Protein chains: 2
Amino acid sequence: MAREMLRQGGRSARIQAEVHRTVQELLKSMDRSEITVPMIAEKAGVTPSTIYRRWGDLSELLADVAVARMRPIADPEDTGAMASDLEAFILQYVEEMSSRVGRALLADVLGSLESDAPVKCCQYTYHHLETLRERALARGETPFDIDNAIDFVVAPIVYHILFGDRELAPDYCRALVSRFFVK
Amino acid sequence: MAREMLRQGGRSARIQAEVHRTVQELLKSMDRSEITVPMIAEKAGVTPSTIYRRWGDLSELLADVAVARMRPIADPEDTGAMASDLEAFILQYVEEMSSRVGRALLADVLGSLESDAPVKCCQYTYHHLETLRERALARGETPFDIDNAIDFVVAPIVYHILFGDRELAPDYCRALVSRFFVK
DNA sequence: ACCTAAACGCAAATTTTTAGCGTTAGCGGC
DNA sequence: GCCGCTAACGCTAAAAATTTGCGTTTAGGT
């Protein structure tokens with residue numbers, strides 16, 4: 001579920017915020033597999049049935065929280081040039097997502113395939129790249145293609161994070177970016 | 001869990017096979033979100049506690065089944081040339097994985113990050129690419145680099161399957177392969 | 001053939017999830 | 001500002017799923 005709120009103010013919003021805060025709190029201190037809905041409900045001061053009715057089940061709540069956490073709070077850093085902008089963005093992305101909690105976020109988002117969490121999640125990335133692209137245009141640089149950047153820089157990184165088949169050293173990430181630009 | 005069986009014969013193996021078969025059967029007729037452990041147990045003719053003790057929980061059982069289903073039963077088709085071999089393999093991979101059940105398989109595998117399901121899963125892909133590479137070597141062709149193939153062909157495809165942000169038309173997949181070879 | 005321990009079945013205890021129903025409170029119309 | 005409508009909540013009981021203890025079966029080795 002995790003449907004759009006019909007009421008966006010007052011008690012409903014407070015509960016949403018409190019539940020989200022509680023989930024994030026719990027994720028810091030314990031593993032995702034030990035978290036239960038009644039546990040969240042108690043710490044958040046609501047009844048379990050509220051959570052079940054609003055989010056459906058635990059995985060959808062976790063996906064909802066994960067998407068909210070991944071929502072960008074600021075534009076990517078402006079380093080003065082397109083190539084270094086992309087590199088900085090990618091390095092930060094890897095920093096956040098390859099950590100234990102980052103991997104859990106990705107898994108939660110992808111765990112509820114029927115919701116729109118995955119699409120939202122990658123729209124954030126797309127939007128960031130769009131920002132970098134427009135910044136490059138404003139500077140008079142020849143901008144990169146966003147879809148290509150996703151295919152050849154972001155996708156490999158996400159793949160290796162998810163499957164855990166390779167160390168994501170900064171050098172490797174930088175190589176992905178530079179290969180993308182020389183091509 | 002989904003630990004390696006300490007006993008690989010007799011009753012234990014029969015139960016494993018029967019449970020796997022039952023899960024696959026159920027996945028064909030209903031959505032993953034409606035499947036429960038007691039339901040599987042009844043159809044498979046075992047006690048729920050057996051499943052819980054052996055696999056831990058539903059997501060790990062599903063991951064176990066998914067990995068087993070993804071285990072290659074045959075080498076990729078030999079088309080006579082490296083480029084067309086890779087293209088054929090990729091097209092078949094997309095065919096299998098972008099379907100409703102394929103996406104569910106991927107989600108199940110990635111859903112249990114703590115198990116070794118994800119690693120196993122991408123090892124299968126790696127192994128297939130290795131087969132293609134050795135085949136190319138035997139033909140006297142200049143072989144491709146497997147890691148690069150994963151980064152620039154497989155990863156983009158998996159990304160788009162998981163995030164559902166793009167139609168995976170055959171033309172697009174072919175373009176990925178051909179761009180990989182010209183680079 | 002016998003021994004040991006892994007794996008299972010059974011059933012009770014616990015926990016989680018669902019569902020009904022009355023109550024609260026956000027939001028729009030007046 | 002007051003009122004009506006109904007989404008959203010709390011509470012509780014029922015249903016379902018999960019865990020756990022204990023005795024039994026059975027694979028794998030000696």
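Note on naming: letters A, B, ... go to the chains in the order of the sequence lines (proteins, then strands), and numbering restarts at 1 for each one. All values reported here derive from a predicted model rather than from experimental measurement.
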Atom CZ of A:R14 and atom P of D:dC9 are separated, to the nearest Å, by 11 Å

Is the backbone of B:L162 close enough, under 3.5 Å, to the side chain of B:R103 for a donor and an acceptor to pair up by distance? no

- Query: Below 4.0 angstrom, N of the basic side chain to O of the carboxylate: do B:E18 and B:R14 qualify?
  - Reply: no

Angle separating the five-pair end axes of the helix from C:dA1-D:dT30 to C:dC30-D:dG1, nearest 10°, is 50°

>> Strictly distance-based, threshold 3.5 Å: is any side-chain N or O of B:T79 a donor or acceptor partner for the main-chain N or O of B:D85?
In response: yes

Q: Give a yes or no on whether the backbone of A:E34 and the side-chain of A:D31 come within a donor-acceptor separation of less than 3.5 Å.
A: no

In B/S/- notation (B base, S sugar-phosphate only, - none; protein heavy atoms under 4.0 Å), nucleotides 12-18 of chain D written 5' to 3' is -----SS

Open item on the list: I'd like to know if the side chain of A:D57 and the backbone of A:E60 have a donor-acceptor N/O pair within less than 3.5 Å.
Closed with: yes

### Query
Using the benzene-type ring in the case of Trp, are the ring centres of B:H160 and B:Y172 under 6.0 Å apart?
yes

From CH2 of A:W55 across to C1' of D:dA8 the rounded distance in Å is 11 Å

Check: Is a donor on one side and an acceptor on the other found under 3.5 Å between the side chain of A:T36 and the backbone of A:M39?
Finding: yes

- [ ] May I ask you to decide if B:T50's main-chain N or O and B:T47's side chain share a donor-acceptor pair within less than 3.5 Å?
- [x] no

Of the candidates D:dG21, C:dT24, D:dG10, the side chain of A:R11 sits closest to C:dT24

key: Basic-acidic side-chain contact under 4.0 Å: A:R69, A:D64   = no

To the nearest angstrom, the CD1-C1' distance between B:I15 and D:dT26 comes to 11 Å

Inset, instruction - Would you mind checking if A:D165 and B:K120 are paired as a salt bridge, meaning a charged N to carboxylate O distance below 4.0 Å? - result: no

The correct set of residues in residues 20-35 of chain B placing a heavy atom under 4.0 Å from DNA chain C is none

In whole angstroms, the gap separating P of C:dC8 from CD of B:E18 amounts to 13 Å

Here the distance between atom C1' of C:dT15 and atom CD1 of A:I51, to the nearest Å, is 15 Å

Taken to the nearest whole Å, CG/A:L61 to C1'/C:dT17 is 15 Å

Among the nucleotides C:dC21, D:dA27, D:dA8, whichever has the atom closest to the side chain of A:R53 is C:dC21

Taking 4.0 Å as the cut-off, does a side-chain nitrogen or oxygen of A:R54 come that near to OP1 or OP2 on D:dC9? yes

TODO: Measure from NZ or CZ of A:R179 to the centre of the six-membered ring of A:F152, then state whether that distance is under 6.0 Å and the direction lies within 45° of the axis.
DONE: no

